[in-house]
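Please read the structure below before turning to the comments.
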Protein chains: 2
Amino acid sequence: MTRLHAGNPDPVRAILDGMAAWAGAPADEAQCPVRDVLDRVGQKWTLLILVALEPAPRRFSQLQRQLRDISKRMLTQSLRQLERDGLVSRQVFPTKPPSVEYALTDLGRSALPAIGALLVWADDNHEAIRASRAAFDAEEVA
Amino acid sequence: MTRLHAGNPDPVRAILDGMAAWAGAPADEAQCPVRDVLDRVGQKWTLLILVALEPAPRRFSQLQRQLRDISKRMLTQSLRQLERDGLVSRQVFPTKPPSVEYALTDLGRSALPAIGALLVWADDNHEAIRASRAAFDAEEVA
DNA sequence: CAGAATCCCGAAAGATACTG
DNA sequence: CAGTATCTTTCGGGATTCTG
C-alpha cells in the first residue's frame with residue numbers, strides 16, 4: 001500500500017510510482033484510484049455541484065437554479081453518483097409536496113480544499129491561457 | 001474583475017460569486033474560467049501528462065511508454081492542446097531520426113500543486129469511496 | 001521516431017414529456 | 001417539487017493505416 005500523505009515532500013513523484021504499480025494489471029486500471037477520481041472530476045457537473053453545496057445544504061430546485069443550465073436529468077444523475085461515492089448525503093422530507101435536501105458529507109467536504117485550489121488556479125491563470133491560445137492560433141494561420 | 005488569490009480566506013465562495021457573474025451571459029459560459037479549465041481537466045489524459053512531465057522533460061515515445069495505454073493519436077492531441085494552452089513547450093531536434101522533447105512551462109508547472117493536491121486526496125480517500133459504493137449498491141439490490 | 005489522416009463506436013449529455 | 005423515461009445528438013477517444 002503506497003499511501004500518499006499531504007505532508008509528502010513530493011506527492012507527484014509518489015503518484016507516478018503508484019500509477020506504475022497499477023500499470024501491471026491490464027483491465028484493473030479502472031480500479032486505479034487516480035484514474036477513478038479523474039473520471040469523476042471529468043464529469044462536467046460533479047465539481048460544480050460540490051462547490052455549490054459548500055455554503056449550505058440545498059434542495060433540488062435550488063441547485064438547478066444555481067447551476068443555471070443543468071438539466072434535471074444530469075442533476076439527478078450527478079447527485080446519485082456523488083451520493084453513491086459518499087460525498088453527498090440525501091435526505092427526504094415527507095412534506096407535501098415532498099422536498100429533498102442534499103448536503104456534503106465529511107468525505108465530500110474533505111475534497112473541497114483540493115478542488116478549490118484547482119479552481120483558484122484556473123481563475124488566476126485563465127487569462128494567460130487565453131492569451132497563449134490566441135498566439136498559438138495566430139501562428140497556425142501563418 | 002473578481003480575482004481570486006491563494007490567500008483568499010474563502011476561495012470557494014468567491015468562485016461561486018464568479019460563476020454567478022458569468023451566469024448572465026447565455027452563450028459566453030464557455031468563456032467562464034472555471035468551466036474552461038474544468039473541461040481540460042476532464043480530458044482524461046491531460047492531467048496525467050502534466051504529472052508525467054514533472055520530473056523532467058520527456059520525448060514522445062517516453063511519454064507513451066510511461067502512460068501505458070495511451071494511443072499515439074490521443075497523446076498527440078493532448079500534447080497539442082497543452083501546448084496551445086501554454087502549459088507545455090514543444091522543442092524539435094532536427095536529428096536523424098527527428099526527436100521531439102516536451103517540457104512543462106512555468107505556467108504548466110504552476111498548476112501542479114493544485115493537481116497534486118487533488119490526486120493526493122484521491123489516493124487518500126479512494127478506499128472510503130469504494131466502501132461507500134459497495135454499501136450503496138448493496139442497498140439498491142434490496 | 002513522431003506524427004497525420006480516417007473510420008468508427010460507445011458513453012456523455014441535452015431536449016422533451018410524463019408522474020407520484 | 002422532485003424526479004423518471006425515452007429519444008437523439010454530440011463527441012471523446014480507440015484501432016488502423018500511411019508518411020517524412
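Please read these numbers as outputs of a predicted model, since none were measured by experiment.
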Checklist entry - Is A:V92 reachable from A:L63 through a run of hydrophobic residues whose side-chain heavy atoms are each under 4.5 Å from the next? => result yes
Next on the checklist: Please determine whether a side-chain nitrogen or oxygen atom of A:Y102 lies at a distance below 4.0 Å from atom OP1 or OP2 of D:dC1.
Outcome noted: no
Checklist entry - For the hydrophobic clusters of this structure (ILVMFWY residues joined by side-chain heavy atoms under 4.5 Å, transitively), does one cluster hold both A:I49 and B:F136? => result no
Checklist entry - At under 4.0 Å between heavy atoms, what does A:Q77 touch on the DNA or RNA strands: base, sugar-phosphate, or nothing? => result nothing
Checklist entry - Does A:R73 have a side-chain nitrogen or oxygen under 4.0 Å from the phosphate oxygens OP1 or OP2 of C:dT16? => result no
Checklist entry - Mapping A:K44 and B:V100 to their closest nucleotides on DNA chain C, which lands nearer the 5' end? => result B:V100
Checklist entry - Whole Å only: how far is the CD1 atom of A:I70 from the P atom of C:dA12? => result 15 Å
Checklist outcome for this item: Nearest-nucleotide check on DNA chain C, A:K72 vs A:Q43; residue mapping nearer the 5' end is A:Q43
Checklist outcome for this item: side-chain hydrogen bond (donor to acceptor under 3.5 Å, both in side chains) filter on A:T76, not counting sequence neighbours, yields none
Checklist outcome for this item: Taken to the nearest whole Å, CZ/B:F93 to C1'/C:dG3 is 17 Å
Checklist entry - When you check the phosphate oxygens OP1 and OP2 of D:dA2, does a side-chain N or O of A:S61 lie under 4.0 Å from one of them? => result yes
Distance-only criterion, 3.5 Å: show the donor-acceptor pairs between side-chain atoms of residues 110-119 of chain A and protein atoms not counting sequence neighbours.
from   : atom 1 : to     : atom 2 : distance (Å)
A:S110 : OG     : A:L107 : O      : 2.5
A:S110 : OG     : B:W121 : NE1    : 2.9

Item to check | D:dG12 phosphate, OP1 or OP2, under 4.0 Å from B:R40 side-chain N/O | outcome: no
Next on the checklist: Classify A:R59 by what it touches in the nucleic acid, base, sugar-phosphate, or nothing, heavy-atom distance under 4.0 Å.
Outcome noted: sugar-phosphate
Checklist entry - Can you tell which of D:dG14, C:dG20, C:dG3 lies closest to the side chain of B:M74? => result D:dG14
